[in-house]
Amino acid sequence: ETFVVSQIRGLTSDRRFVAETVSAYATKQRAQITILQGERKSLERDLELWQSEINRVLESGDSSAAMADRLAAYETRVRETERTLADLALQQQTLGSGTDEATLEKALKDFDPVWNSMPSRHQKRVLQLLIRQIDYDGATGKIAVTFHQHGFEGLADTLRQRDNTK
C-alpha cells in the first residue's frame, strides 16, 4: 500500500499530470452538459406535443370515458416530463457551475493531508477507484501499477466535494 500511495503522491504533484487531468475533467463536463442539453430539447418537444394533445382533446368536447382516459394519460406524461426536465436542469446547473481548474488542481495537490485524515476503509475505497491492476515481476522484483483511465478525475471530484462541504 505504501508503494502505491507514494506513486499516487508522485502523480498528484506532477504539473503535467495535473494539467492533463484538469483538461480531461473539463472535457468530460462539457460532454455531459451537451448530452443533458440534447435530452432536454427532446423532452421539451415531447412536452409541447402532449400539451397540444391535451388542448386538442379538451377542445373536441368529447366527454367519453375513452377521451377521459386519454386525457389522464397525457397529463401523467406531462407531469413526468416536467419532473425529468427539472432534474436535468439541476444536473446541468451543477455541471455548469462545476469545478474550475484552480479548484481541481488544488484538490489533487492536497492529496496528502486528505489521505492522512481518511479512515482506512475510505483509503481502501480510494485505492480501488484509482487502481486497475498491480503487477509484480518476481524475477526483477519490480512492481507496476496500472491506474483506471478516469480514476484521478474521480479522485479530484471527490476531493473537491470534500472541500466544498467544509
Side-chain angles (χ1 to χ4, degrees), residues 1-47 50 75-166:
E1 177 186 311
T2 304
F3 172 78
V4 173
V5 171
S6 71
Q7 294 296 306
I8 294 168
R9 282 184 182 116
L11 287 172
T12 59
S13 62
D14 178 334
R15 283 190 123 102
R16 193 177 107 228
F17 174 80
V18 171
E20 288 172 0
T21 302
V22 167
S23 175
Y25 187 84
T27 300
K28 184 178 171 184
Q29 275 192 314
R30 284 190 300 274
Q32 289 175 323
I33 288 171
T34 300
I35 290 167
L36 290 175
Q37 287 171 336
E39 288 178 27
R40 209 172 157 171
K41 284 181 184 177
S42 176
L43 287 170
E44 286 169 347
R45 283 191 299 270
D46 290 347
L47 188 59
W50 291 322
E75 288 174 345
T76 299
R77 288 180 182 166
V78 165
R79 279 193 310 277
E80 289 171 358
T81 302
E82 286 173 340
R83 247 187 315 246
T84 304
L85 281 168
D87 289 344
L88 288 175
L90 182 60
Q91 289 176 35
Q92 191 173 346
Q93 179 183 9
T94 300
L95 285 170
S97 66
T99 306
D100 61 56
E101 292 183 14
T103 304
L104 187 56
E105 188 172 346
K106 181 185 179 314
L108 284 171
K109 287 181 177 179
D110 287 347
F111 176 77
D112 264 341
V114 172
W115 178 261
N116 293 331
S117 70
M118 283 182 177
S120 59
R121 71 179 187 283
H122 289 147
Q123 290 176 343
K124 178 182 174 185
R125 180 69 180 135
V126 167
L127 291 177
Q128 290 171 337
L129 291 171
L130 291 175
I131 300 169
R132 193 176 99 218
Q133 180 177 325
I134 298 176
D135 294 311
Y136 174 71
D137 184 339
T140 63
K142 292 190 177 188
I143 298 174
V145 179
T146 306
F147 294 100
H148 287 288
Q149 182 178 4
H150 299 289
F152 282 93
E153 294 169 33
L155 173 64
D157 194 37
T158 300
L159 294 175
R160 178 193 57 81
Q161 289 172 0
R162 182 182 169 127
D163 274 356
N164 288 344
T165 60
K166 288 182 179 178

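Between Thr146 and Ile131, the closest side-chain pair of non-hydrogen atoms is not below 4.5 Å. At least one side-chain heavy atom of Asp135 sits under 4.5 Å from a side-chain heavy atom of Gln133. Put simply, the side chain of Leu36 does not reach to within 4.5 Å of the side chain of Arg40, judged on heavy atoms.
Closest of all the heavy-atom pairs between Leu43 and Thr81 is O-CG2, 3.6 Å.
Checked options Lys124, Arg125, Gln123; the residue passing with Met118 is Gln123 (criterion: side chain to side chain contact (heavy atoms under 4.5 Å, CB included)).
Between the side chain of Ser42 and the main chain of Glu39, no donor-acceptor pair closer than 3.5 Å is present.
The CZ atom of Arg77 lies 14.5 Å from the CD atom of Glu82; values are rounded to the nearest 0.5 Å. For the atom pair CZ (Arg79) and CZ (Arg83), the distance works out to 7.0 Å, reported to the nearest 0.5 Å. Remark: Thr27 OG1 to Arg30 CZ distance equals 4.5 Å, nearest 0.5 Å. Considering CD of Gln92 and CG of Asp87, their distance stands at 12.5 Å, rounded to 0.5 Å. The CD1 atom of Ile35 sits 11.5 Å away from atom CG of Leu88, with the distance rounded to the nearest 0.5 Å. Distance check, rounded to the nearest 0.5 Å: CG of Leu127 to CH2 of Trp115 gives 3.5 Å.
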